[in-house]
Amino acid sequence: MDKKTLTAKLGVDGLCKGASTGIKWFASEKTKKLVSYSPVDNQPLGSIQCADAGDYERVMTAAEEAFLKWRAVPAPVRGEIVRKIALRIRENKENLGSLVSMEMGKILQEGMGEVQEMIDICDFAVGLSRQLYGLTMPSERPEHRLMEQWHPLGPITVISAYNFPIAVWSWNAMIAAVCGDVVIWKPSSKTPLCAIAVQKIVAEVMEENGMPEGVFNLIIGSGRDVGEIMLEDSRARLVSFTGSTGIGRHVGETVAKHFGRAILELGGNNAAIVTEHADLSQAIPGIVFGAVGTTGQRCTSTRRVIVHESKYEETVRRLAAAYGKLTIGDPLKDGVHIGPLVDAGVAEDYVKACEEAAAQGGELLYGGGLLPDLGPCYARPAIFKMSADMPLVKEERFCPILYVITYGGPVENALDIHNSVIHGLSSSIFTTDFREAEKFLSYAGSDCGIANVNIGTNGAEIGGAFGGEKETGGGRESGSDAWKGYMRRQSNAVNYSSEMPLAQGIKFDF
Ligand code: UN1
């Protein structure tokens, strides 16, 4: 489908307004217009009249009002609404997946995969809506009941990044919605149209089902006009932020000042360990997809390969051969493996990263450089041989540059290198030796939030809690019991005796 037809179909053609409380859209006349460019052909895809502080206030007021109604809807009924949202997203899977590809640049397969993640988290949330369990505990006092309940938290803010323009919102918003929270979404200014398209689909379902305006809200505006205000606003009880460690630190500090909660999904410097017992027929495809999938722009992308010296030659030969077979080009075309980077700025960062790798003594093993004939955002992925102590290896660069580092001796030596970076998001080990695998998974193994065996670092399923340690921020979202972060826990003690005994056996007679 051509650009025009697709954007018209999804209602993101023409000048879109930057704020929405559901089916209502509005935006200040005074703000700048934001033009969204497609990195595929470097042409404008659409434009937005940005929201300002006044628009944010209107959104937050609607959200607060909606919260009082939404929290009163029984959780399984909220789940039923989410089920209907999932059905509508299913109907729009191809359109949304294509828009993600056009606006962000990831290949259509991955664009569709992203929409699939949305569908999956909706389905998960539907089941969850009947399982927001609290525990009951035996009371130490006679004829007393001790239990806990989970209550809706309030309005929450989701600030998402360009690399997963819609899925990350859904992991937060669909869980938050069944929990009874209302959501204000601030998407990346690099991918606003994807957010508008999703907001429209969701708003339609809410309207059709007679649900209040203000449960799902969208705000597109600059950091200066709305971003800071959102972070400082204590009415938002939780801020879920996905982005860089640098900005995440500021988000965490600002939210902490008003004792808000923050879920921080920040950078990663994810490594795959390839041991002397690795099956390279698994390791190579896992590493290749990990390093060049999404053109290296996932938080979970593989940045480092820590390979046993006995496997170095073969690993490098096979990696280079695999890279040589990859097709770079229009992400919407069949057979293309690598689309463009999101914009020319990131392409420039990539060139700089390659220059730094070489300047620090890295040896270029494959690729590197931009492909200007295809457009300003296309790049050929690079593999460098590096040593673990080179400064660049300790940093996250959000582009398809892969560092191969060797280790000798037992797997513990690989683990030392593995854990020597500031981030702690995702990790993997390729081995057929169960002792090595178990060491990697043990308390003395990987220090990351995600640790995989014979699977690459990226492509986590929604069923697990997603997030990481250290300067990755510590937050968890998506599956498992991550829902607890979106609710308010309350411990309850109930006395059904006619006495008034105190806990801890205290006597306080008068
Ligand atoms: C991200 O890069 O911000 O695990 C999220 C993965 C995806 C999500 C990545 N499910 O690679």
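The first residue in the sequence is number 1, and the count goes up from there. Counting starts at 1 for both ligands and their atoms, following the listed order. These values consider heavy atoms only, across backbone and side chains, with no hydrogens, waters or symmetry-generated copies.
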ask   = If you measure from each non-hydrogen atom of Glu265 to ligand 1, which part falls under 4.0 Å: side chain, backbone, both or neither?
value =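 No part of Glu265 is near ligand 1 at this cut-off.
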Donor-acceptor pair between [X] and [Y] side chains, under 3.5 angstrom:
X: Tyr162; Y: Asp343; result: no
X: Asn172; Y: Glu477; result: yes
X: Thr457; Y: Ser428; result: no
X: Glu117; Y: Ser170; result: no
X: Gln199; Y: Ser20; result: yes

task = Output, in order, the C-alpha distance, side-chain angles, deciding distance and verdict of side chain to side chain contact (heavy atoms under 4.5 Å, CB included) for Cys399 and Asp349.
result = CA-CA 8 Å; Cys399 51; Asp349 292 344; 5.6 Å; no
ask   = Among all protein non-hydrogen atoms, which one is nearest to atom 4 (O) of ligand 1, and what is the separation to 0.1 Å?
value =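 It is Ala460 N, 2.7 Å.
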ask   = Identify the closest protein heavy atom to atom 6 (C) of ligand 1: which residue and atom is it, and at what distance?
value =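 The protein heavy atom lying closest is Gly459 N, 3.1 Å.
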Can an N or O of [X] be found at a distance shorter than 3.5 Å from an N or O of ligand 1?
X: Cys299; answer: yes
X: Glu117; answer: yes
X: Asn163; answer: yes
X: Phe164; answer: no
X: Phe466; answer: no
X: Thr300; answer: yes

query = Does any pair with a residue in residues 238-269 pass ring pair (Phe, Tyr, Trp, His ring centres under 6.0 Å), and if so which ones, sequence neighbours excluded?
reply =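 Those involving residues 238-269 do not exist here.
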key: Aromatic plane relationship, Trp171 with Phe164 - under 30° parallel, 30 to 60° tilted, over 60° perpendicular   =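 Phe164 vs Trp171 ring planes: tilted.
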Which of the ligand 1 atoms, numbered from 1, are nearer than 4.0 Å to a heavy atom of Asn458 =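 So the atoms of ligand 1 that pass are 11 (O).
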message = Check contact between Glu461 and ligand 1, using heavy atoms of the residue and a distance below 4.0 angstrom.
response =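 Judged by the 4.0 Å heavy-atom criterion, Glu461 does not count as contacting ligand 1.
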Proximity flag Trp171 to ligand 1, non-hydrogen atoms under 4.0 Å =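 True for this residue.
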